[in-house]
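One structure is given below, encoded as structure tokens.
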Amino acid sequence: MDYKLGIQENALDSFHEALSKFREGETSENRAFKFAILHMAHFVELVLKLYVMSVDENLVYSKCFRAVAKRAKADEINLLQAYEELKNEGFDFEALISSYPCPHTITVDDALSLAKNEVCQVTGVNFVDQEFIDDIQWMKGLRDNITHFQFSLPPKDVRLCIGRLVRGIEEFIDVFSLFNLRDEIDESEAETFDKLADEYTQMVAEAKREVQDARDRTYRGTRKKHWVFIDWNVYECPECHNDTMIPDDDSSTGYKCTFCENEESDDIEIPCDCCGTRYHQDDLSTWDMDDGTFENRCYYCTGQYYADKDD
């Protein structure tokens, strides 16, 4: 029996493979992101073609699309307007492809050029924004380099771009009522999809990944028994309430949140300039050294401990 997939089933099959490879890339090696991009690019291309077919099934074929593009150029109107004019005139699109057993289909750029003309009748706002288009073009360029030549794969950029595409394509599918993407997600990939579909969740995950990467760099090559001597801590950020405040040489406080970039926290511990013991900044006293410099001194090094004891 032949293995057959309709365009929607074909698209979803690639999407699940993209989610699977994305999850693999997060948990094992960056190499998997290469295949996540390839599958995601295929999914996006087929969804765009599915949209074009929702306008007219014949427009997904290059010869029919070129006829519309030719009319749009001649009349100096957009593609949707040109299509409507031809349809109202009774133009026979099927006749253009009837003699071809397997006619050539349009490109991603063709589909986007049609979708860009879709405007909300109430607000006048374009349904497809430029950021979504830019992400598709970035992914398409990377896909082409992977397929045809050589490539550089920045994992963080890939992760963030795939997340934006998942959110963008879910909205695109919903706006044009193509199908319900969430209802089609396999249970095994639901967690990955939910993380990518929610911008906040993905950005928190990315911030925590930066924390882990920084920790790995700090302790790399050091025996575990010596870790206690390394001055490296993670604090909960008081602004976003994530455990993402880590040491940062460029920060005025020595720490910065990898999620919201906040640098201030009462929990940050700094060493006493006299004994070296770490305390919360509020627990240290500023000690005037009479030479124009100041020291942060703890309760013991200021002598206050002994004064209180004598009392």
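Residue indices begin at 1 and follow the sequence shown.
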Check step by step if side-chain contact (heavy atoms from CB on, under 4.5 Å) holds for Ser265 and Glu239. CA-CA 9 Å; Ser265 173; Glu239 294 295 323; over 6 Å; no

Could you go through Val234 and Arg215, starting from their C-alpha distance and side-chain angles, then the distance that decides it, and tell me whether this counts as side-chain contact (heavy atoms from CB on, under 4.5 Å)? CA-CA 9 Å; Val234 181; Arg215 180 187 285 115; 3.5 Å; yes

For Asp110 and Ser113, what are the C-alpha separation, side-chain angles and deciding distance, and is it a side chain to side chain donor-acceptor pair (under 3.5 Å)? CA-CA 5 Å; Asp110 290 335; Ser113 68; 4.9 Å; no

side-chain contact (heavy atoms from CB on, under 4.5 Å) evaluation trace for Phe132 with Ile169: CA-CA 8 Å; Phe132 180 56; Ile169 206 70; 3.7 Å; yes

Please step through side-chain contact (heavy atoms from CB on, under 4.5 Å) for the pair Val158 and Leu153, ending with a clear verdict. CA-CA 7 Å; Val158 169; Leu153 194 68; 3.6 Å; yes

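When every heavy atom of Asn30 is checked against every heavy atom of Gly25, the shortest pair comes out as OD1-O, 4.4 Å. Between Ile97 and Tyr61, the closest heavy-atom pair is CD1-CD1, 3.4 Å. His39 and Lys21 make their closest contact through CD2-CG, 4.3 Å (heavy atoms, listed as atom of the first residue, atom of the second, distance). A pairwise comparison of heavy atoms in Asn233 and Pro247 identifies O-CD, 3.2 Å as the closest pair. The shortest non-hydrogen separation linking Cys64 to Leu96 is CA-CD1, 3.9 Å. When all heavy atoms are compared, the tightest approach of Ala36 to Ile162 is CB-CD1, 4.1 Å.
By the side-chain contact (heavy atoms from CB on, under 4.5 Å) test, Asp183 pairs with Asn180, sequence neighbours left out. Every ring-ring contact (aromatic ring centres under 6.0 Å, His included) that Phe91 has, sequence neighbours left out, goes to Phe93. Not counting sequence neighbours, the partners of Arg143 by the side-chain contact (heavy atoms from CB on, under 4.5 Å) test are Ile37, Leu38, Ala41, Glu45, Lys140, Thr147. Take Phe65 and apply the ring-ring contact (aromatic ring centres under 6.0 Å, His included) test, not counting sequence neighbours, and it matches no residue. Annotation: ring-ring contact (aromatic ring centres under 6.0 Å, His included) contacts of Phe179 (sequence neighbours excluded): none. In this structure Glu295 satisfies the salt bridge (charged side-chain N to carboxylate O under 4.0 Å, His left out) test together with Arg297, sequence neighbours excluded. Residues forming a salt bridge (charged side-chain N to carboxylate O under 4.0 Å, His left out) with Lys73 (at least two apart in sequence, or on another chain): none. Applying the side-chain contact (heavy atoms from CB on, under 4.5 Å) test to Asp194 and every residue at least two apart in sequence or in another chain returns Arg182.
Around CD of Glu76, the count of heavy atoms belonging to other residues, nucleotides or ligands within 6.0 Å does not exceed 12. The neighbour count for Asp216 CG, taken as heavy atoms of other residues, nucleotides or ligands under 6.0 Å away, is above 12. The environment of CD in Glu94 is sparse: at most 12 heavy-atom neighbours from other residues, nucleotides or ligands sit within 6.0 Å. Counting non-hydrogen atoms of other residues, nucleotides and ligands closer than 6.0 Å to CD of Glu171 gives a total of 12 or fewer.
For residues 155-168, the salt bridge (charged side-chain N to carboxylate O under 4.0 Å, His left out) pairs, not counting sequence neighbours, are Asp135-Arg164, Lys156-Glu210, Arg159-Glu206. The ring-ring contact (aromatic ring centres under 6.0 Å, His included) pairs that include a residue from residues 201-220 are Tyr219-Trp227, where partners are two or more places apart or lie in different chains. For residues 240-273, the set of pairs meeting the ring-ring contact (aromatic ring centres under 6.0 Å, His included) definition, not counting sequence neighbours, comprises Tyr200-Phe259, Tyr235-Tyr255.
Each of Leu5 and Ile185 belongs to its own hydrophobic cluster when Ile, Leu, Val, Met, Phe, Trp and Tyr are linked at side-chain heavy-atom distances under 4.5 angstrom. When the side chains of ILVMFWY residues are joined at heavy-atom separations under 4.5 Å, either directly or via intervening members, Leu80 and Leu48 end up in a single hydrophobic cluster. Met203 and Val166 are not part of a single hydrophobic cluster, where members link through side-chain heavy atoms under 4.5 Å apart. The hydrophobic cluster containing Val119 does not contain Val128, counting ILVMFWY residues as joined when their side-chain heavy atoms lie under 4.5 angstrom apart, directly or transitively. Under a hydrophobic-cluster definition in which Ile, Leu, Val, Met, Phe, Trp and Tyr are linked whenever side-chain heavy atoms come within less than 4.5 Å, directly or via other members, Leu160 and Phe151 are assigned to different clusters.
For the pair Glu118 and Val55, the minimum side-chain heavy-atom distance is below 4.5 Å. Residues Trp232 and Arg217 form no side-chain contact, since every pair of their non-hydrogen atoms from C-beta on lies 4.5 Å or further apart. When side chains are defined from C-beta on, Cys240 does not count as touching Asn262, because their heavy atoms never get closer than 4.5 Å. With a 4.5 Å cut-off on side-chain heavy atoms, Asp267 and Met245 do not count as touching. Side-chain contact between Tyr51 and Leu114 is present, with heavy atoms from C-beta onward closer than 4.5 Å. Looking at heavy atoms from C-beta onward, Leu178 lies in side-chain contact with Val47 at the 4.5 angstrom threshold.
Between the side chain of Asn126 and the backbone N or O of Lys116, at least one donor-acceptor pair lies under 3.5 Å. Under a 3.5 Å cut-off, the side chain of Ser62 and the backbone N or O of Thr105 do form a donor-acceptor pair. Between the side chain of Asp186 and the backbone N or O of Ser188 there is no donor-acceptor pair closer than 3.5 Å. For Ser20 (side chain) and His16 (main-chain N/O), no donor-acceptor pair under 3.5 Å exists by modelled atom type.
Residue Thr107 holds its OG1 atom at 8.0 Å from NZ of Lys49, rounded to the nearest 0.5 Å. Note that CZ of Arg66 is 11.5 Å distant from CD1 of Ile106, once rounded to the nearest 0.5 Å. To the nearest 0.5 Å, the span separating CG on Leu86 from CZ on Arg71 amounts to 5.0 Å. Atom NZ of Lys34 and atom CD of Glu29 lie 11.0 Å apart (nearest 0.5 Å). The distance from the SG atom of Cys237 to the CG atom of Asp243 is 10.0 Å, given to the nearest 0.5 Å. The distance from the OG1 atom of Thr201 to the CD atom of Glu191 is 10.5 Å, given to the nearest 0.5 Å.
Electrostatic pairing of Glu84 and Lys87 counts as a salt bridge here, judged by a charged N lying under 4.0 Å from a carboxylate O.
Relative ring orientation between Phe43 and Phe15 is described as parallel, the plane-to-plane angle staying below 30° on a 0-90° scale split at 30° and 60°.
Using modelled atom types, one finds no donor on one side chain facing an acceptor on the other under 3.5 Å when comparing Thr253 with Glu263. Side-chain N/O atoms of Gln212 and Arg209 include no donor and acceptor closer than 3.5 Å. Ser251 and Asp248 are not linked by any side-chain donor-acceptor pair at a separation below 3.5 angstrom, with hydrogens and angles left out of the test.
Grouping Ile, Leu, Val, Met, Phe, Trp and Tyr residues whose side-chain heavy atoms lie under 4.5 Å apart, directly or via other members, leaves Phe149 alone, with no other cluster members.
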